[in-house]
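Read the numbers this way: they start at 1 and go in the same order the structure lists the ligands and their atoms.
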Amino acid sequence: MKYDYLIVGAGLYGAVFAHEAKKAGKKVLVIDKRKNVAGNIYTEEVEGINVHKYGAHIFHTNDKRVWDFVNAFAQFNRYTNSPVANYKGELYSLPFNMYTFNKMWGVVTPEEAQKKIEEQRLASGIKEPENLEEQAISLVGYDIYEKLIKGYTQKQWGRPCTELPSFIIKRLPVRLTFDNNYFNALYQGIPVGGYTKMVEKMLDGIEVRLNCDYLANKKELDALAKKVIYTGAIDAYFNFKFGALEYRSVRFETEVLDKPNFQGNAVVNYTDADTPYTRIIEHKFFEFGTQPKTVISREYSSEWKVGDEPYYPVNDEKNGKLYERYKLLAEEEKNVIFGGRLGEYKYYDMDAVILSALNLCQKEL
Ligand code: UDP
């Protein structure tokens, strides 16, 4: 056997593991079925602008170890995510904070905002939130749920909010301060020059084979290494034998516009139910770009079907149970480790992906 590890998938999880394994003196081979590395954090230059081809990624973490780790591969800028919500032409600040409450209700002080939320929570009669709708109303009241959450969430997940788990909405902070920073993270930024360069640096000196489909050539590829780190979809690995896990997929309509500024912000969410896309990304603003043109991507969310790119695991009860069955099978695969968003069917942020890969390194290497 030529390699200690065959790493399937050149995304963030695979690249972090590959880097650490090489550093520990292991022989590694990274393969990916795409023609490029970096998985869904891949960025590509268009008109001098780094376009987040598989969806916008904003790096944020509270973990100093993770922050130091990524900073070894890229310089991070001071980008702070502050999306704007557009509800039928009315603009609101996100995440939910005093600017949002002031615009929604005219309230001026934190006490007034708190009182308004409390009134709406009491009027709803919800005690123990059992789904996303109830959780959202309990957190921010009915008006914000109706204008800023309901339509967006139903478009994003293709399911009514009453059928979605409440934890999804807990990702969003609610603040009684004037703070438009979307994340409650100590460290945040975008790698200068794009994510692709950062991942390429992690993979520096490592053999990478692109356009290489693992599942289609499993036997030959398995024979090359003692162990496999598999970061693809866990259900695909087992040929969907218990049925397919559900994912949400995203389609991007990207356009180059002959003007310097289209929407004045990197992210604008369209939170009504009728606009067919969920948000528009204006890529240059991730890097404070001053190019004469601009590149925008409209994001359309759809149910994943075989052949599409899977993006978001649908972590509801049904899929959770199905995943557990696959996980049992995965544990029986002696020389294969499943990792990452698709391998673990988990709604992981980038920092959590890195932490999880570093934890595996500690165990494995
Ligand atoms: N969300 C919402 N309105 C918004 C933005 C987000 O209701 O304007 C909800 C929605 O349910 C979404 C969840 O918050 O799925 C998490 O949003 P986040 O921005 O964290 O999603 P991601 O960046 O992973 O796409």
Output the list of atoms in ligand 1 that are nearer than 4.0 Å to some heavy atom of [X], sorted by atom number.
X: L94; result: 8 (O)
X: I168; result: 11 (O), 13 (C), 15 (O), 16 (C)
X: L172; result: 1 (N), 6 (C), 9 (C), 14 (O)
X: I149; result: 7 (O)

Nearest-contact summary for [atom] - protein heavy atom, Å:
atom: atom 3 (N) of ligand 1; result: L148 O, 2.9 Å
atom: atom 24 (O) of ligand 1; result: Y347 OH, 2.6 Å
atom: atom 25 (O) of ligand 1; result: Y312 OH, 2.6 Å
atom: atom 10 (C) of ligand 1; result: T153 OG1, 3.3 Å
atom: atom 9 (C) of ligand 1; result: I169 CD1, 3.6 Å
atom: atom 4 (C) of ligand 1; result: N269 ND2, 3.5 Å
atom: atom 19 (O) of ligand 1; result: Y182 OH, 2.7 Å
atom: atom 23 (O) of ligand 1; result: R279 NH1, 3.7 Å

Qualifying residue, where the test is ring pair (Phe, Tyr, Trp, His ring centres under 6.0 Å) with Y312 and the options are W304, W157, Y345, Y348: W157
Any donor-acceptor pair under 3.5 Å linking the side-chain atoms of [Y] with those of [X]?
X: T100; Y: S93; answer: no
X: N81; Y: Q188; answer: no
X: E364; Y: Y5; answer: yes

Is it the case that ligand 1 has an N or O less than 3.5 angstrom from some N or O of R171? yes
Is T271 in polar range of ligand 1, meaning some N or O pair under 3.5 Å apart? no
Is the distance between the ring centroids of H52 and F286 less than 6.0 Å? yes
Salt bridge check: are E253 and R251 linked by an N-O gap of less than 4.0 Å? yes
Any salt bridge between E207 and R209, counting N to O under 4.0 Å? yes
Which class fits the ring pair Y142 and Y145: parallel under 30°, tilted 30 to 60°, perpendicular over 60°? tilted
Just to verify, which of N261, N265, V267 counts as forming a side-chain contact (heavy atoms from CB on, under 4.5 Å) with F285? N261
